Amino acid sequence: MDNYNSERLNERNLKLLKALRLFDDDFFALVFEDNTEGTELLLNIIFNRSDMKVLKVVKQREIKGVEGHSVRLDILAEDSTGKIYDIEIQRQDKGNLPLRSRYYSSMIDTTLLKKNEDYNLLVPTYVIFFTEKDTFGDGRPIHHYVMKEMESNALLGDERHIIFINGENKDEETALGKLVHDFKCSSADNMYYNVLASRVRYFKEEGGKQSMSKIFEEYAKEYAKEYAKEYAKDAEIFMLIEGYRDIAMAESEIEERVMKKFNLSREKAKEYMLGKSA
């Protein structure tokens with residue numbers, strides 16, 4: 001790879017790192033993984049409470065359909081009362097968000113009961129979407145849906161909740177408006193909530209950048225698509241190497257990762273490390 005292309009890859013990676021926000025789903029999942037304090041902050045703001053306690057938070061859990069479509073949840077959390085929260089990031093408005101939320105809710109239910117267990121063991125579930133756009137176009141900061149009877153407006157009592165958070169909410173006088181503002185910030189210095197800012201700063205500026213290698217792997221695939229097929233593999237490998245270097249990964253570890261990911265011999269991996277097409 002010539003110096004011009006290498007410098008261009010470095011520039012792209014650094015721009016990517018600087019531009020990442022909580023409205024980028026991979027970065028959101030990374031920041032909130034095992035982050036009970038940050039998740040408690042988020043849920044307390046959404047539900048206008050101060051006493052919610054989160055027991056555990058896991059990122060990007062995949063639920064496989066038996067014969068149908070599988071889903072990968074951005075963040076799945078459980079509180080001290082056993083309620084389950086799926087928190088999702090939605091940047092592009094594809095027009096099918098209500099149906100997507102329905103499917104996510106149903107898939108979560110499939111994980112909550114073992115064979116022959118009673119339905120009374122089902123716990124309340126909440127599917128929460130942070131949408132970058134005002135999905136419903138009415139300017140309201142939050143939409144919270146539950147199942148009701150049309151004739152009497154009585155609750156069905158199935159304990160299933162669907163919530164949409166409006167990412168175009170600019171009312172920074174409210175706690176929810178401040179939270180949305182923080183989701184749109186690319187710099188930790190501009191965020192309101194320290195518990196979120198500290199995590200963002202850790203992954204962008206400190207030792208946590210090592211954990212961001214998966215984000216660069218995904219970006220490398222997209223970058224490779226810009227090239228003709230015969231150069232796609234080379235482009236992806238070079239992009240990945242430069243991405244790893246930008247987050248200060250050791251050269252020996254980069255070499256091992258490249259060998260494993262692309263099934264290369266050590267000799268071929270070293271050629272790529274030196275900027276040569278194999």
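Keep in mind that this is a model prediction, so the values were computed, not measured.
Counting heavy atoms from C-beta outward, L240 and F262 have side chains that approach closer than 4.5 Å. Between V57 and Y85 there is no side-chain heavy-atom pair separated by less than 4.5 Å. Contact annotation: the side chain of I237 approaches that of L264 to within less than 4.5 Å [non-hydrogen atoms, C-beta and beyond]. Between L112 and L121 there is no side-chain heavy-atom pair separated by less than 4.5 Å. E88 has its side chain out of reach of S101: every pair of non-hydrogen atoms, C-beta onward, lies at least 4.5 Å apart. Between E37 and R199, the closest side-chain pair of non-hydrogen atoms is not below 4.5 Å. Two residues are said to be in side-chain contact when any heavy atoms from C-beta on lie closer than 4.5 Å; D86 and T125 fail this criterion. Between L196 and F32 the shortest side-chain heavy-atom distance falls below 4.5 Å.
The backbone N or O of N194 sits less than 3.5 Å from a side-chain atom of S198, completing a donor-acceptor pair. The closest donor-acceptor contact from the side chain of D134 to the backbone of N166 lies at 3.5 Å or more, if one exists at all. Side-chain N or O atoms of S105 include none that pairs as donor or acceptor with a backbone N or O of R102 at under 3.5 Å. In this structure a side-chain-to-backbone donor-acceptor pair under 3.5 Å is missing from D74 to A29. The backbone N or O of K56 sits nowhere less than 3.5 Å from a side-chain atom of T36 that would complete a donor-acceptor pair. Within the 3.5 Å criterion, the main-chain N or O of G167 finds no donor-acceptor partner in the side chain of E132. Side-chain N or O atoms of E253 include none that pairs as donor or acceptor with a backbone N or O of A250 at under 3.5 Å. When atom types are taken as modelled, the side chain of D24 and the backbone of L20 share no donor-acceptor pair closer than 3.5 angstrom.
The ring-ring contact (aromatic ring centres under 6.0 Å, His included) check on Y193 picks up nothing, with sequence neighbours excluded.
When each of I108, I163, I84, L73 is tested with V127 by the rule side-chain contact (heavy atoms from CB on, under 4.5 Å), just one qualifies, namely I108.
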Intermediate values then yes/no, side-chain contact (heavy atoms from CB on, under 4.5 Å), R91 and D25: CA-CA 8 Å; R91 292 191 60 184; D25 55 357; over 6 Å; no

V123 and E159: CA distance, side-chain angles, deciding distance, side-chain contact (heavy atoms from CB on, under 4.5 Å) verdict: CA-CA 7 Å; V123 299; E159 298 286 6; over 6 Å; no

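One distance of note links CG of D109 with OH of Y104; it measures 15.0 Å at 0.5 Å rounding. Separation of atoms CZ (F27) and NZ (K204) is listed at 5.5 Å; rounding is to 0.5 Å. Atoms CZ and CD1, on R257 and I241 in that order, are 13.0 Å from each other to the nearest 0.5 Å.
Of all heavy-atom pairs between A19 and S186, the closest is O-CB, 3.8 Å. Among all heavy-atom pairs drawn from A197 and A188, the shortest one is O-CB, 3.4 Å. In terms of heavy atoms, G38 sits closest to V195 at N-CG2, 3.9 Å. The two residues E117 and K114 make their nearest non-hydrogen contact at OE1-N, 2.7 Å. Closest approach of D51 to N44, counting heavy atoms only: N-OD1, 3.3 Å. Contact detail for L55 and D79: the closest heavy-atom pair is CD1-O, 3.5 Å.
A salt bridge links R266 with E256; the closest basic N to acidic carboxylate O contact falls under 4.0 Å. A salt bridge is defined here as a Lys NZ or Arg NE, NH1 or NH2 lying under 4.0 Å from an Asp or Glu carboxylate O, and E267 with K270 fails to meet this definition. Using a 4.0 Å cut-off between a side-chain N of Lys or Arg and a carboxylate O of Asp or Glu, K268 and D234 do not qualify as a salt bridge.
In this pair, F130 and F28 present their aromatic rings tilted. The plane angle is within the 30 to 60° band.
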Only distances under 3.5 Å count here; give the side-chain donor-acceptor pairs of residues 136-151 to other protein atoms, sequence neighbours excluded, each with its distance to 0.1 Å.
from, atom 1, to, atom 2, distance (Å)
D138, OD1, R140, N, 3.0
D138, OD1, H143, NE2, 3.3
D138, OD2, H143, NE2, 2.9
H144, NE2, H161, ND1, 2.8
E149, OE1, S152, OG, 2.3

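More than 12 heavy atoms of other residues, nucleotides or ligands shown are found within 6.0 angstrom of CZ on R21. The number of heavy-atom neighbours closer than 6.0 Å to CG of N263, taken from other residues, nucleotides and ligands shown, is 12 or below.
M239 and M259 fall into different hydrophobic clusters, defined by Ile, Leu, Val, Met, Phe, Trp and Tyr side-chain heavy atoms under 4.5 Å apart, directly or through other members. In terms of hydrophobic clustering, with Ile, Leu, Val, Met, Phe, Trp and Tyr side chains grouped at heavy-atom distances under 4.5 Å, L155 and I162 are assigned to different clusters.
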